[in-house]
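Structure, as structure tokens:
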Amino acid sequence: MSGNPYQDDRGNTDASITNPHGQGSLTASGTQERPMPGHEGPFLIGENMTGGYGKSGPDILHGCTIAVERGEIAVIVGPNGAGKSTAMKAVFGMLDLREGRVLLDGQDISALTPQARVRHGMGFVPQTSNIFTSMTVEENLEMGAFIRNDDFRTTMEQVYDLFPILREKRHQPAGELSGGQRQQVAVGRALMTQPKVLMLDEPTAGVSPIVMDELFDRIIEVARTGISILMVEQNARQALEIADKGYVLVQGANGYSGTGKDLLANPDVRRSFLGG
Amino acid sequence: MFAAVAGLIIGTGFLQSWNSALLILNMGLISAVMALGVNLQWGLAGLFNVGVMGFVALGGLAVVLISMPPVGAAWQAGGGNILLGLVLGAATIVAAVLVWSRVSGKLRGWATAAVLLIGMVIYRMVLDPAVEAVEAVDPALAGYLGGLGLPVLLAWPVGGVLAAGAAYVIGKTALGLRSDYLAIATLGIAEIIIAILKNEDWMARGVKNVIGLPRPVPYEVDLQNDPAFVERAAGFGLDATTASTIYVKIEYGLLFAAVLIVLLVLSQLALNSPWGRMMRAIRDNETAARAMGKDVTGRHLQVFVLGSAICGVAGAMMTTLDGQLTPGSYQPLRYTFLIWVMVIVGGSGNNLGAVLGGFLIWFLWVQVEPMGQLLMTGITAGMADGSWLKDHLMDSVQHMRLLTMGLILLLVLRLNPRGLLPER
Amino acid sequence: MDLLNGFVALANFVLIPAIAYGSQLALGALGVTLIYGILRFSNFAHGDTMAVGTMFAVLTTWGLQAMGVSLGPLPTALLAIPIGILGATALVLLTDRYVYKFYRAQKAKPVILVIVSMGVMFIYNGLTRIIIGPDDYRFADGERFVISARTFRDMTGLEEGLALRTTQVITVVTAVIVVAALFWFLNKTRTGKSMRAFSDNEDLALLSGINPERVVLVTWLIVASLATVAGVLYGLDKSFKAFTYFQLLLPIFAAAIVGGLGNPLGAIAGGFVIAFSEVGITYAWKKVLVYLMPPALEPEGLVQILSTEYKFAVSFVILVIVLLFRPTGLFRGKSI
Amino acid sequence: MIEVKNLHRHFGGFHAVDGATLEIETGSITGLVGPNGAGKTTLFNVVAGVLPPTSGQVFMAGEDITGLPPHQLFHKGLLRTFQIAHEFASMTCRENLMMVPGDQTGEMLWNTWFGRKRIADEERALRAKADEVLEFLTIEHLADHKAGQVSGGQKKLLELGRTMMVDARIVFLDEVGAGVNRTLLNTIGDAIIRLNTERGYTFCMIEHDMDFIGRLCDPVIVMAEGKVLSKGTIDEIKADERVIEAYLGTGLKNKDAVL
Amino acid sequence: ANHSNEIKMGVILGFTGPIESLTPAMAAGAEMAMAEVTESGKLLGGATITPVRADSTCVDSAAATAAAERLITSDGISAMVGPDCSGVTGAVLANVSVPNGMVMISPSATSPALSAAEDNGLFFRTAPSDARQGEVLANILVEKGITSAAVTYTNNDYGKGFADAFEAAYEAAGGSVTLSAPHEDGKADYSAEVGALASAGGDALVVLGYVDQGGAGVIQGALDTGAFDMFAMGDGMIGDSLVERFGDDIAGMIGTAPGSDNEGSALFAEMATAAGIDGTSVYAGESYDAAALMLLAMAVAGSKEPGDYQSHIFAVANAPGEQILPGELDKALEIIAAGGDVDYQGATGVELVEPGEAAGSYAEFTVEDGALKVVGYR
Ligand SMILES: Nc1ncnc2c1ncn2[C@@H]1O[C@H](COP(=O)(O)OP(=O)(O)OP(=O)(O)O)[C@@H](O)[C@H]1O
Ligand SMILES: Nc1ncnc2c1ncn2[C@@H]1O[C@H](COP(=O)(O)OP(=O)(O)OP(=O)(O)O)[C@@H](O)[C@H]1O
Ligand SMILES: CC(C)C[C@H](N)C(=O)O
Ligand SMILES: [Mg+2]
Ligand SMILES: [Mg+2]
């Protein structure tokens, strides 16, 4: 919706001349070059990020800063349209930053393409269309391990242990799974990367309570192995409960931040974002 | 934008000749009507019609059927039986459909097939000899039933109706199913229509062509022989030949322009009304529109039939202008793809854009030929005279036409991807 | 004996030609379907890509022939295929670099690419004609027949002959090999899977570390190779003429759609459906029936379901019917 | 209001809905919950005419509506919203609402040419109504914004707003709460309750947020493996062993360890 | 050359489209005649003849009309060679030539229907109507004792008209046509046609198409499958590429093409070869003749105005007068300047009959030892 004239197909619904399926909407800018060294600080930090979609779209982020330490869980909450997903994408290099920078382990990675960031140990589960629908569950996981050249079978076993339903449906196209099952595939796919930092955009949306609890459990487990977790959540209470750090985003800028407990205790935050 | 295209055409008038300019204008008007029809389907409803050619050809057929004088001998030879045969054929299909819907169970398929088979045999038994008889009547000059001998202008709406009829049948079967159907069905029907036109000689002489169709405007020669006209022309400082050719073209132009303007006004009114809003909603999101109580399939059918009818009218106009029906000349490249290019370059979804595209692309289609030559002369300018390469290139200069067209298309799309006049 | 004669006649006039023609269509449809599946648009320039690739191969063949190179019973053109592929690939990649890439970077909707491909079609069209000219060229050499009708008759003593052309055999064999290889490539190799992933969900492919430009490059490479191979085989079997390649576009698209656009298996099946419907429905069965039926029942007419002038129409009607029962094509489309 | 009898829907060999029988009382706000893949969305799709059932029947106020296309169901007062908002992206929010009522004079092509006056009058009334609805939803400031450019939660409000443009009898809501900010969700909840009490709409909603369900719904139906597992008030459901095992679970195991 | 003394001649042929492979030789043929006249410097006091090419596309009447319109009204031509295909020829005649009073001579439009077109005496063709050729071919077949044949023709006015004429004549002479099936040019595959024709059977296959087009495709198919070994062909098939392609596979075939017992065609072929074009290419000679006829008529009229010279074309083409062969235009102009009469024969032995088309004398061909041979004239 960025008003890019090239993205306008005025209602063509005909599948016989174009394949409407799976076209990307993200512009991957940047290069594959080696990153420049930066200074010490949190493990991953998106610093003072300002930017929006497309070359000329309005700014959606306004000097927003998000950081996570090694082995910690950071949670972003905020109203719909605040720019939470946008902030995640910015950290992952999927949109142009007009200001600010992203540091990973002290290195400035602002100029890297998303693929390059994956190779630097970042994993991401987007909010929507986060699985390969035409590929089987197993192939989805394999794709998660695309950049790995070692034997990833043990990791796959771990994922299957984590989400047993996936083992059952391993040869079924992921597109035929229910909403919640897909979410599990998506998280599993990201875990296959064996990332140093895992970014999750609303991993529990549409997931039943029992699976949600299970998922949060796994996330804590994963964090304990030293992987940093950065996630956006609308199930804010549960999320903040397990968070080491919480950010409240309002209109693309940092509203409140603090430990998860602080935010849960803050009456302002409760009223305006957690539903009282 | 319109001024620019008008400038191009007027420029042609000054640089080449007014006759050329008017001819381009007239074909531009017709192209604009076609583009309007396609825009209705594609720009407004996202319906992908690859069968424009077929509907245009049906319009052309209408001109023959309406305006040519009937061939008496042919009617005597077998006209009645041909009609009877056609009725039988139609009855067979109706019967088959009835059987299919009434009978159920295992019998259904067989019963329908049996009805079809028997019907077809009877149909062929009645039709074939009649066709042979008709086609034997003076095959070099007639060999067909002729038309009704009515004024040719009547053929324009009739062309629309014929095209609409075909579109209705296609739409009924193909719309509402997966979108690919429409593409295949229209592609197919266009080929089938052309095949019928080419091979059913009794109808419109097939590939032998019908020439000398009546005109809605006076003949140049008559004007040249009319002293009053010659005198008036002299008053403008024109010789009779030039004056008469220009006069005739202007009359055609006025007729075409009238049709275009009426259609354009109707389209614009429809577009800016709740109907247009509903169509936009359907295009934006069919599932939601359906859930909001809109009969998506029904609307699609409506638009498809209307758009095709417009193409039919344009086809009739074009055949009238040509003065002949030549089924062999209907080619998808020219009558389907080029029309699309017009719509997309002009700006799909915008009626005015489609009209503009019609004018511009037609202008280019005709004028790229000299442009290509120019380009090639430019390329070879630096080469030594008589060098092998230069000779080879100059020999191929005719093929620059396609190349130039491609280049222009790519340029326009690069700079104005949404078309020259985008939808709002 | 009569039974055998009938079968031979059927094989000679229906089965063998349809299989060969079907393979040719299938190879063309494969290219179309790949572009559709991975790059997401219907490539109208495909017919002309075939022409370009074949043109390079033809020029090379002439060169080879002039140098006295030959493959014995096989056509020399087979040696020229790699050069043809190289030429086609170069052109296609140049086009991608200067035309398609821009639109990809803009995230242009596929519809725009469709129209762009029409522009490219015009340009290739012109290029081929400018370089080699619009004429009909024959460049097949070597042994024309594996077995000719006359030899067959002499050999078997049957009344009917059976002809099998070298090019027909090569075409079918190549089609089988190419399809098998493509399958293996797409479903088993890492690059192949990454292409499927890209086709499925571009953004997510990016997030998995798949390099989109590489996928595009490999796709064009495969497509250019397929187009050249298809074009050369076709040209060997018939002849090379720029205009015919453009005309091939229609049956190729029909084949791809009926098979399920985006599905390689479907492209193959679609090619055969079209070929068999064109040849089979309009075949005058008299010849076969004369052998099979007792003399008393011998047909008088030609027993032709429809005359050949409607062969194209027939294949479209078949398409519509197939789609009625199999809405997504014979094989589920868009899954490349 | 709605009665589903022994409904089956199979995908290949997979039985997504496997003999579900349930009833939605007139005037209720019925919740539909169940584990992922239980067949809830599939059931919705069958009832709303998007998918044909493999077997079984659906009744609406005693009338058999099995297999009717969506636009006919709409005219019978059966409306639905989508799990993912289906706004008409290139139209303004007001237009999104104005297009809803059926049988508009101006939707007949003929009238757009020869009935301009009638259309103008009708449009004025529609516009007033649309503005009223926007106000009700507290998004009147967005009336002239393109619907594609408002935030996710606002799209969901708009989706709800469309059901208010006509007199709906029953509205199916598929996970209105998923991904919606809790504060906004409360607003939506209020709107639903008002529609239910003030206008007498019947609601059936799929939701995984038990707090939200608890606040609005009575009764709650639990589905599992394509069948109805149980039905009752929220408290009964929460206490049901089978439901806890299949759906609700017992909470985080590791929670204490972290905090 | 002096600018005022320039005569522009339009050459409107299908340089792109389905007969694009025939047209280069045709255009070159026409331009040869123009060059010859320019060189001689004897027309209208040393006029330079400038050809102006335009694309008729062969099939798109609208584009052809526009091109012709441009030739006349913007380039200011004085005569027009073309168009080529019958369909566009009819359109250009009715919409451009007649209104503008332009003389046009088509070298190749052979549809019988054009004989009846309203032309105000402006339209001529150096190719005969196909009505006659059908009879000629039919008679040869019957004389050779071939009494049943399958016919395939290119599906346009030329092929269809030809096939109709052939069938009528053949059946009248006692032959029987087992199947008459059209083929579309430029299509991918002709297996279906070959299958149907083979099944219908017959002593010979009559092919009325184009040699670079579907016609050759059908023959190829028939040979490959062993369906027929005797062939008969019309003018469109007679070309060098026929023997190049099939050689002795079609030995003994029967062919007809416009042509008369004159040295003209051989002479023309020689001249053409010298000029680097293929003189035996179909309709190249007719194109030469078309241009030559108009230029000679201008000489007789002493004017390049169409209205002035149109009435002289008949006289130039027909007896009485000195016979003029290709390459002798210089001589012809001299005779005319001296007030003499010419009977232009040209490359194809032109003889115009009413209403302005070649009389149609035909040469009978066969293939022997891998080469085309003329065995007689009719
Ligand atoms: N692809 C895009 N192009 C242009 N604008 C966009 C795009 N995606 C989102 N936006 C706009 O950016 C703003 C922030 O969107 P974002 O998706 O980051 O919100 P969010 O905080 O994740 O909300 P939610 O909780 O609903 O997911 C919104 O106003 C949205 O309309
Ligand atoms: N088109 C399809 N083809 C095959 N299986 C399908 C298809 N659609 C759904 N299913 C299967 O049907 C089952 C029920 O799916 P459904 O979407 O109805 O679940 P749900 O109850 O809505 O779950 P959730 O709460 O996760 O959205 C799932 O196991 C899914 O895999
Ligand atoms: C040059 C040829 C293709 C012309 C053909 N004789 C016709 O009348 O159409
Ligand atoms: Mg978000
Ligand atoms: Mg669901």
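Every heavy atom of this structure was used, including side-chain atoms; hydrogens, water molecules and symmetry mates were not. Throughout, protein chains are lettered first and strands after them, A, B, ... in sequence-line order, and every chain is numbered starting at 1.
- Residue contact with chain B, scored on non-hydrogen atoms closer than 4.5 Å, is absent for D/Glu122.
- For NZ of D/Lys76, the number of neighbouring non-hydrogen atoms (other residues, nucleotides, ligands) closer than 6.0 Å is 12 at most.
- Per-residue heavy-atom pair counts under 4.5 Å with chain D were compared for B/Thr287, B/Leu306, B/Val296, and the maximum is reached by B/Thr287.
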Item to complete: Evaluate the criterion side chain to side chain contact (heavy atoms under 4.5 Å, CB included) for residue pair D/Glu95 and B/Arg280; output intermediate values, then yes/no.
Response: CA-CA 10 Å; D/Glu95 282 180 317; B/Arg280 274 184 293 142; 3.0 Å; yes
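- With hydrogens and angles disregarded, no donor-acceptor distance shorter than 3.5 Å links the side chain of D/Trp113 to the backbone of B/Leu269.
- Of the atoms belonging to D/Ile119, it is side-chain heavy atoms, and not backbone ones, that fall under 4.5 Å from chain B.
- Taken from CZ in B/Arg277 to OG1 in D/Thr92, the straight-line distance is 9.0 Å, to the nearest 0.5 Å.
- Residues D/Met99 and B/Ala281 share a closest heavy-atom pair of CE-CB, 3.5 Å.
- A salt bridge links B/Lys294 with D/Glu107: at least one charged nitrogen is closer than 4.0 Å to a carboxylate oxygen.
- The environment of CG in D/Asp64 is crowded: more than 12 heavy-atom neighbours from other residues, nucleotides or ligands sit within 6.0 Å.
- For chain B, the option among D/Met108, D/Gln72, D/Glu123 with the highest count of heavy-atom pairs below 4.5 Å is D/Glu123.
- Looking at D/Met165, neither its backbone nor its side chain comes within 4.5 Å of chain B, counting heavy atoms on both sides.
- For the atom pair OG1 of D/Thr112 and CD of B/Gln268, the computed distance is 11.5 Å after rounding to the nearest 0.5 Å.
- Annotation for B/Ala291 and D/Phe74: closest pair O-CD1, 3.2 Å, computed over non-hydrogen atoms.
- For D/Leu126, the part sitting under 4.5 Å from any heavy atom of chain B is the side chain, from C-beta outward, and nothing else.
- Considering every non-hydrogen atom in both B/Asp284 and D/Ala89, the closest pair reads OD2-N, 3.0 Å.
- Looking at D/Pro101, the atoms closer than 4.5 Å to chain B (heavy atoms on both sides) all sit in the backbone: N, CA, C or O.
- More than 12 heavy atoms of other residues, nucleotides or ligands lie within 6.0 Å of CZ in D/Phe59, so this atom counts as buried by the packing criterion.
- Atom-to-atom distance recorded for D/Arg116:CZ and B/Ser273:OG is 6.5 Å, nearest 0.5 angstrom.
- The shortest non-hydrogen separation linking D/His75 to B/Gly293 is NE2-O, 3.2 Å.
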